[in-house]
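What follows is one structure encoded as structure tokens, with my remarks underneath.
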Amino acid sequence: MANIKLITIDMDGTLLSSQQQVPTGNMTAIKQALSQGIKVVIASGRPLSGILPWLKIIGVPISDDQFVIAFNGAVIQTTSGKLISKNTISYADYLQLQAFADEQKAYFQIESLDATHTIGKIIPKEAQMENYLINAALKVHDQMPKELEFIKPLINGSQEELDHLTAIMPRELLEKFNIVRGAWYNLEFMSKNASKGNALKQIADQLAIPSEQTMAIGDQQNDLSMFQRAGIAVAMANARPEIQAKADFVTKNNDQAGVGFAIAKCALNASRTMNQPIKSN
């Protein structure tokens, strides 16, 4: 097995349990990995403000030589807040997406480095939950300011509503944007250059770590780009079957410290050979 030097870990549904806690097994394995010099990078749809409290819990140092992948790869920052890279869409692109959301009577907002922004006057419960989890203020505008940094535009709604929107998505939008489901209540539209996988590669290149010495753990569609880039791709047992099918193996679920289990098997004991996928119910 490759000597793992870099581990990227999704947050919601992966690092965090269904009760929004970090299982003890995850914390133990991550701290052991850090003590062995392995870089641990949280890769989330959240901004740094929604990641930072959890870094302190799991023991990732707040410094200029530790990294986070935020906004599903649209932003890379150091854990201390230094901006490494940023991918945005244009105001014209925003107008196109806002028009689609308005046509479908869907709630639409923009997540930026400073706050979340919307022109919607009724905030659905799914958007309220999103903004609470990412620890961001919501600013309501009569008209969206042109000077905003349009980093992560998204539609919030029920799973049924977003399944429908995904099914009817115009080809023009599919070709122009990287469209992913970061959670059941989010449908996200980002720059084609923005993905967790591209961010993983950029960090690995900066650290001179070959791809075969990287590992990615996730549970959602927005994690698949990491699976394609990583030397070892690990899906959570709580991931949908189509996500599990893209991984090298499936670990335990997020309530069973699946992240810690995978790290212990793949990274903390580099001499172990895995000939078969690990399946956990």
Side-chain angles (χ1 to χ4, degrees), residues 4 7-35 38 40-47 50-60 68-70 72 125-126 128-135 156 158-160 162-163 180-186 188 196 200 215-227 230 232-269 272 274 276-281:
I4 298 299
I7 305 172
T8 55
I9 308 171
D10 171 57
M11 279 190 62
D12 296 288
T14 302
L15 174 69
L16 302 182
S17 71
S18 56
Q19 300 302 312
Q20 290 288 297
Q21 301 293 325
V22 182
T24 300
N26 290 352
M27 286 192 283
T28 299
I30 288 171
K31 288 175 181 178
Q32 288 176 340
L34 291 167
S35 72
I38 298 171
V40 175
V41 175
I42 298 302
S44 176
R46 302 188 189 197
I51 299 172
L52 193 57
W54 300 103
L55 297 179
K56 296 176 181 179
I57 289 172
I58 63 177
V60 173
V68 296
I69 297 170
N72 282 328
K125 62 181 183 297
E126 294 88 358
Q128 294 176 39
M129 177 169 59
E130 164 75 5
N131 294 323
Y132 172 77
L133 290 175
I134 66 175
N135 195 26
N156 298 114
S158 69
Q159 183 163 329
E160 293 74 18
L162 299 190
D163 285 347
V180 297
R181 295 284 288 273
W184 63 264
Y185 50 87
N186 285 353
E188 306 172 13
K196 289 185 179 183
L200 185 162
M215 174 178 168
I217 313 174
D219 75 308
Q220 289 284 345
Q221 180 197 18
N222 63 336
D223 299 314
L224 292 178
S225 62
M226 290 198 300
F227 288 6
I232 301 174
V234 180
M236 304 297 293
N238 49 284
R240 289 185 175 185
E242 61 269 25
I243 305 298
Q244 295 183 18
K246 300 291 187 181
D248 295 312
F249 71 92
V250 179
T251 187
K252 297 179 180 181
N253 70 39
N254 61 321
D255 289 326
Q256 298 173 319
V259 165
F261 183 77
I263 291 173
K265 294 294 183 182
C266 295
L268 299 183
N269 186 357
R272 174 182 169 89
M274 284 180 148
Q276 298 295 330
I278 295 175
K279 295 283 184 179
S280 301
N281 297 320

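The model shown is predicted, which means the values in this text are computed figures rather than measured ones.
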Side-chain contact, heavy-atom cut-off 4.5 Å: [X] with [Y]?
| X | Y | value |
| --- | --- | --- |
| I9 | M215 | no |
| N254 | D219 | no |
| L52 | N135 | no |
| I38 | I7 | yes |
| I243 | L224 | yes |
| I217 | I263 | yes |
| K196 | N72 | yes |
| Q256 | P23 | no |

Can you name the residues that form a side chain to side chain donor-acceptor pair (under 3.5 Å) with S18, not counting sequence neighbours? D255
Straight-line distance of L15 CG to Q20 CD, nearest 0.5 Å: 9.5 Å
Residue of the set E160, Q220, Q159 for which side chain to side chain contact (heavy atoms under 4.5 Å, CB included) holds with W184: Q159
Atom CD of E242: over 12 foreign heavy atoms under 6.0 Å: yes
State which residue, out of N222, N186, D163, fulfils the side chain to side chain donor-acceptor pair (under 3.5 Å) condition with R181. D163
Do side-chain atoms of D10 reach the backbone of S44 as a donor and acceptor pair under 3.5 angstrom? no
Which atom of A33 lies closest to which atom of V40, heavy atoms considered: CB-CG2, 4.3 Å
For F227, is the NZ or CZ atom of K246 found under 6.0 angstrom from the centre of its six-membered ring and inside 45 degrees of the ring axis? no
